[in-house]
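By convention in this document, chain letters (A, B, ...) are assigned in the order of the sequence lines, proteins followed by strands, and residues within each chain are numbered from 1.
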Amino acid sequence: MSMHTRPQPPENQEQLLLRAQRISGSSLGELACLAKWTVPPDLKKDKGWVGLLLEYYLGARAGSKAEQDFADIGVELKTIPVDVKGQPLETTFVCYAPLTRNTGIIWENSHLRKKLAKVLWVPIEGERQIPLTQRRVGTPFFWSPNLDEDKALQQDWEELMERIIMGQINHISAHHGEVLQLRPKAKNSRILTAATGETGQPIMTLPRGFYLKKTFTAAILARYFLL
DNA sequence: GGTTGATCATCC
DNA sequence: GGATGATCAACC
């Protein structure tokens, strides 16, 4: 890598993949330097820093609120921290779970399915023993759920949504679900959002997000890299 | 507060 | 050691 300027949004999927391939093998310190970004000492107070740096290099619109990072070309970007064996070190956040006005939503039209329809996975070395500047970008690849993966996601999503709609939100833990988890997603545990209680009454509860379990993303990575 | 980007750190 | 519940920051 030499000179760098922030790219425009990619015009097509091939261009996006080429950009990601071009920075694979680079260290985060190298990329940050070229972009004139300051590298934080660690991710304790900058948990999204790596994702934002990749967004910058790939031309994602900063602070995008669209359904996907690259809505025009139908792609969601996910960086995923991996260990030396290529195993995921963290679960993967997908989207918030709708806790109200959710009775008409079906799997086929769900936000989660839309987001996961096509993902550009970018593995990044994520072990804490590796200084942030020295962590390297891995090989990027496109993924779309195969039939089995789609069915597994659908089953968990429908089961979790059913519980939410039935007022069981405060009885759902991250143990529910085979490939998906429902877990808190908020600035802190004092944040509240509207939901439905056990007798159908309005309640306030912690916002929840859907996360992909590590076993699920590990299989995706294995399917690609062992192919 | 809601949504984007996620990882931290305590508890099992 | 790993997963669950908690948390951090920017933008709106």
Out of dT4(B), dG1(B), dT7(B), whichever nucleotide has its closest atom nearest the side chain of I191(A): dG1(B)

dG5(B) OP1/OP2 closer than 4.0 Å to side-chain N/O of K115(A): yes

Within the pair S189(A) and dT7(C), is there a side-chain N or O less than 4.0 Å away from OP1 or OP2? yes

Looking for any heavy atom pair under 4.0 Å, which part of the strands does Y211(A) touch: base, sugar-phosphate only, or nothing? base

Select base, sugar-phosphate, or nothing to describe what K187(A) touches, counting heavy atoms under 4.0 Å on all strands. base

NA contact type, E76(A), heavy-atom cut-off 4.0 Å: base, sugar-phosphate, or nothing? sugar-phosphate

Taking for E90(A) and for N188(A) the nucleotide of DNA chain C with the nearest heavy atom, the one nearer the 5' end belongs to E90(A)

To the nearest angstrom, the CD-P distance between Q181(A) and dG5(C) comes to 9 Å

What integer distance in Å separates H176(A):NE2 from dG5(C):C1'? 15 Å

With sugar-phosphate meaning primed atoms plus P, OP1 and OP2, does R208(A) contact a base, only sugar-phosphate, or nothing at under 4.0 Å between heavy atoms? nothing

Please state how far atom NZ in K47(A) lies from atom P in dT7(C), giving the value in whole angstrom units. 9 Å

L221(A) vs L226(A) side-chain heavy atoms within contact, under 4.5 Å: no

dG5(C) C1' sits how many Å from L182(A) CG, rounded? 12 Å

Report the nucleotide, chosen from dG5(C), dA6(C), dG5(B), that has the shortest atom-to-atom distance to any side-chain atom of L206(A). dA6(C)

Nucleotide of dG5(B), dT7(B), dA3(C) approaching R183(A) most closely (side-chain heavy atoms): dT7(B)

State whether R128(A) places a side-chain N or O below 4.0 Å from either non-bridging phosphate oxygen (OP1 or OP2) of dT7(B). no

Base, sugar-phosphate or nothing for G48(A)? Non-hydrogen atoms, less than 4.0 Å. base

Starting from P on dA6(B), measure out to NZ on K214(A) and report it in whole angstrom. 16 Å

Please check the phosphate of dC8(C) (OP1 and OP2 only) for any side-chain N or O of K44(A) closer than 4.0 Å. no

Verdict with supporting geometry, H175(A) and Q181(A), side chain to side chain donor-acceptor pair (under 3.5 Å): CA-CA 7 Å; H175(A) 297 286; Q181(A) 292 178 313; over 6 Å; no

base_contact_polar (dG5(B) base, K185(A) side chain, donor-acceptor, <3.5 Å): yes

Sugar-phosphate, base or nothing in reach of L192(A), heavy atoms under 4.0 Å: sugar-phosphate

Are F93(A) and F210(A) an aromatic pair, judged by ring center distance below 6.0 Å? no

Between P of dG1(B) and CE of M204(A), the distance in whole Å: 8 Å

So that I can tick it off, tell me whether R163(A) and E158(A) are bridged by a salt bridge, with the cut-off set at under 4.0 angstrom between side-chain N and carboxylate O. no

Measure from CG on L180(A) to P on dT4(C) and round the result to the nearest Å. 13 Å

Distance check: side-chain N/O of T92(A) vs OP1/OP2 of dA6(B), anything under 4.0 Å? no

How many whole angstroms separate atom NZ of K213(A) from atom C1' of dG2(C)? 12 Å

Proximal nucleotide (of dC8(B), dA6(C), dA6(B)) relative to the F93(A) side chain: dA6(B)

Are any of the side-chain nitrogens in K78(A) or E76(A) under 4.0 Å away from the carboxylate oxygens of its partner? yes

Using 4.0 Å as the upper bound for N to carboxylate O, is an ion pair formed by D150(A) and R113(A)? yes

Using a cut-off of strictly less than 4.0 Å, decide whether T91(A) has a side-chain nitrogen or oxygen near OP1 or OP2 of dA3(C). no

Just to confirm, is there a sub-4.0 Å distance from OP1 or OP2 of dT4(C) to any side-chain nitrogen or oxygen of H175(A)? yes

Would you please indicate yes or no on a ring centroid separation below 6.0 angstrom for W37(A) and Y56(A)? yes

